[in-house]
Amino acid sequence: MTSEITTPVELKKMDPVFGQLSFDNHEQIVFCHDKDTGLKAIIGIHNTVMGPALGGTRMWKYANEWEALNDVLRLSRGMTYKSAITGLNLGGGKAVIIGDSKLDKTPEMITKFGEFVNSLSGKYITAEDVGTTTEDMDRISLVTNHVTGISVEKGGSGNPSPVTAYGVYMGMKAAAKYQFGSDNLGGKKVLVQGTGHVGETLISYLRKEGAEVFVSDIHQDKMENMVSNYGAKIFTGADLYSADVDIYSPCALGATINDDTVYKINAKVIAGAANNQLAVESVHGKILRERGIAYAPDFLINAGGIINVYGEIVKYQEGEAIRRTENIYNTTLEIFNFADVNNMTTQQAAMQIAENRIEQRRKENATK
């Protein structure tokens, strides 16, 4: 044990949570630690005006704890707007577990995390995300009811990735309709960055419609699978972002649209599943608009997953999740039109519509 302890005065100067650029009046940040299982996790609850905060648990080998904190702050904030823009009675939350899911994750660790979720008494509801699985959610369900995305065999909706991919596909078609005048993706060149569960399903939709799909991934074997299974092509160019394609679809981690890439992009449409694609929303969203690139806000078009798991809470009838996810097409067109009329970015337009819904609910709650 170290004898060097940060004094209260020094800690105040550091302002470690409230001083984070990604802190946006979050209601609650919960740090979870268990020595026996090696669990180090952070739960971010951004806003519960619309309802309990629902969002997945991501397990990732972060470079440091500050990076993990920044990620959970940004992700939980995004979940607030994702639920609001899609009309769900849910707030925004997210969790991150620090560690390599392939090396560090154990059943005991996941169970202990579930106990921390349970301690919040339903204010936060978890689900799967990068680095966690349906099996993990099943395990968590043994210690708390505040979990979604559990297996179909255990009464849940299963892996939400296919529905997420369908929503991205609908959003991409709407963006193409806005930018090219037709939502037919046949013959369009689409670069999909990230070939995980969502990326793969999206690729299957695109290939069935006749799009020419290029793939990029840090795992060579995954790209080769996309070639053999769907007839995609591996992107071999020198620079991913300056690729000569019609549509760029980021489906890995966020912030790929940043100072280094935003002026390189040749695609006329950006529509992907990754969260927080704009490194700085106010800066890079504006540049995309000025360059005439149609950006489909990520928190809107990747909402299919949360629409799907929300059904476990409200007990959708069969097919309702798909119907609601299909409506992402109409909402995306609404966002593009709203942005044009009000001379703002699509990110700003989506945020404003979501914030209006949250404020309306806040007023309704105040009168009860």
Side-chain angles (χ1 to χ4, degrees), residues 11 14-34 39-86 88-99 101 109-110 112-132 136-137 140 144 146-149 160 253-255 274-281 298-299 302-303 305-306 309-310 313 351 354-355 358 362:
L11 189 61
M14 292 177 188
D15 212 3
V17 177
F18 301 119
Q20 288 283 313
L21 292 177
S22 298
F23 184 82
D24 181 44
N25 297 311
H26 285 68
E27 293 179 9
Q28 191 172 1
I29 310 296
V30 182
F31 292 83
C32 314
H33 178 251
D34 181 67
L39 175 71
K40 291 184 178 180
I42 309 172
I43 299 173
I45 299 173
H46 178 250
N47 188 290
T48 57
V49 170
M50 299 290 291
L54 192 155
T57 295
R58 173 171 296 186
M59 187 167 184
W60 191 256
K61 190 177 180 181
Y62 293 99
N64 51 61
E65 293 172 8
W66 298 118
E67 186 177 275
L69 175 61
N70 181 65
D71 203 27
V72 79
L73 289 172
R74 293 195 74 189
L75 290 168
S76 56
R77 174 178 178 266
M79 293 305 297
T80 293
Y81 296 111
K82 182 181 298 190
S83 293
I85 198 69
T86 49
L88 304 181
N89 294 322
L90 292 171
K94 204 80 173 184
V96 298
I97 298 174
I98 300 172
S101 62
M109 176 188 287
I110 294 300
K112 179 56 67 173
F113 174 73
E115 292 174 0
F116 277 106
V117 171
N118 192 58
S119 72
L120 295 172
S121 302
K123 189 173 184 181
Y124 168 67
I125 303 170
T126 195
E128 71 175 84
D129 200 275
V130 177
T132 59
D136 294 328
M137 299 307 113
I140 289 173
T144 183
H146 309 305
V147 56
T148 58
L253 296 181
N275 289 304
N276 302 316
Q277 294 168 24
L278 304 176
V280 182
E281 294 171 359
D298 51 61
F299 68 87
N302 69 12
I306 194 171
V309 297
Y310 182 59
I313 299 173
M351 294 277 286
E355 286 172 351
I358 294 170
R362 193 190 310 275

Does [X] use its side chain to pair, donor to acceptor, with the backbone of [Y] at less than 3.5 Å?
X: Tyr62; Y: Leu69; answer: no
X: Ser83; Y: Thr80; answer: no
X: Thr148; Y: Thr126; answer: yes

Please tell me if the side chains of [X] and [Y] come closer than 4.5 Å, counting only heavy atoms from C-beta onward.
X: Leu90; Y: Pro52; result: yes
X: Thr48; Y: Tyr124; result: no
X: Val147; Y: Val117; result: no
X: Asp71; Y: Ile42; result: no
X: His146; Y: Leu120; result: no
X: Trp60; Y: Val96; result: no
X: Lys123; Y: Val30; result: no
X: Leu54; Y: Ile313; result: yes

Heavy-atom pair of closest approach, residues [X] and [Y]:
X: Ala274; Y: Leu253; result: CB-O, 3.7 Å
X: Ala127; Y: Met137; result: C-SD, 3.3 Å
X: Thr144; Y: Gly114; result: CG2-O, 3.8 Å
X: Phe299; Y: Gly78; result: CB-O, 4.0 Å
X: Met59; Y: Gly99; result: CG-O, 3.5 Å
X: Leu278; Y: Arg74; result: O-NH2, 3.0 Å

Ring geometry between Phe18 and Phe23 (parallel below 30°, tilted from 30 to 60°, perpendicular above 60°): perpendicular
In terms of relative ring orientation, are His26 and His46 parallel, tilted or perpendicular, with 30° and 60° separating the classes? perpendicular
Apply side chain to side chain contact (heavy atoms under 4.5 Å, CB included) to the pair Val17 and Phe31, showing each step before the final yes or no. CA-CA 11 Å; Val17 177; Phe31 292 83; 4.1 Å; yes
Could you work out, with side chain to side chain donor-acceptor pair (under 3.5 Å) as the rule, every residue matching Gln277, not counting sequence neighbours?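 Gln277 satisfies side chain to side chain donor-acceptor pair (under 3.5 Å) with no residue once adjacent residues are dropped.
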Greater than 12 external heavy atoms within 6.0 Å of Glu355's CD: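 Yes, CD of Glu355 has more than 12 neighbouring heavy atoms, counting only those of other groups under 6.0 Å.
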Apply side chain to side chain contact (heavy atoms under 4.5 Å, CB included) to Ile358 and Met50, showing your working. CA-CA 6 Å; Ile358 294 170; Met50 299 290 291; 4.0 Å; yes
[atom1] of [X] to [atom2] of [Y]: how many Å apart, nearest 0.5 Å?
X: Ile29; Y: Ile45; atom1: CD1; atom2: CD1; answer: 8.0 Å
X: Cys32; Y: Leu39; atom1: SG; atom2: CG; answer: 6.5 Å
X: Phe116; Y: His33; atom1: CZ; atom2: NE2; answer: 8.5 Å
X: Gln28; Y: Ser76; atom1: CD; atom2: OG; answer: 11.5 Å
X: Lys94; Y: Met79; atom1: NZ; atom2: CE; answer: 5.0 Å
X: Lys112; Y: Asp34; atom1: NZ; atom2: CG; answer: 4.5 Å

Intermediate values then yes/no, side chain to side chain contact (heavy atoms under 4.5 Å, CB included), Asp24 and Leu73: CA-CA 8 Å; Asp24 181 44; Leu73 289 172; over 6 Å; no
Reference residue Asn275; test side chain to side chain donor-acceptor pair (under 3.5 Å); the match among Asp298, Asp129, Asn302: Asn302
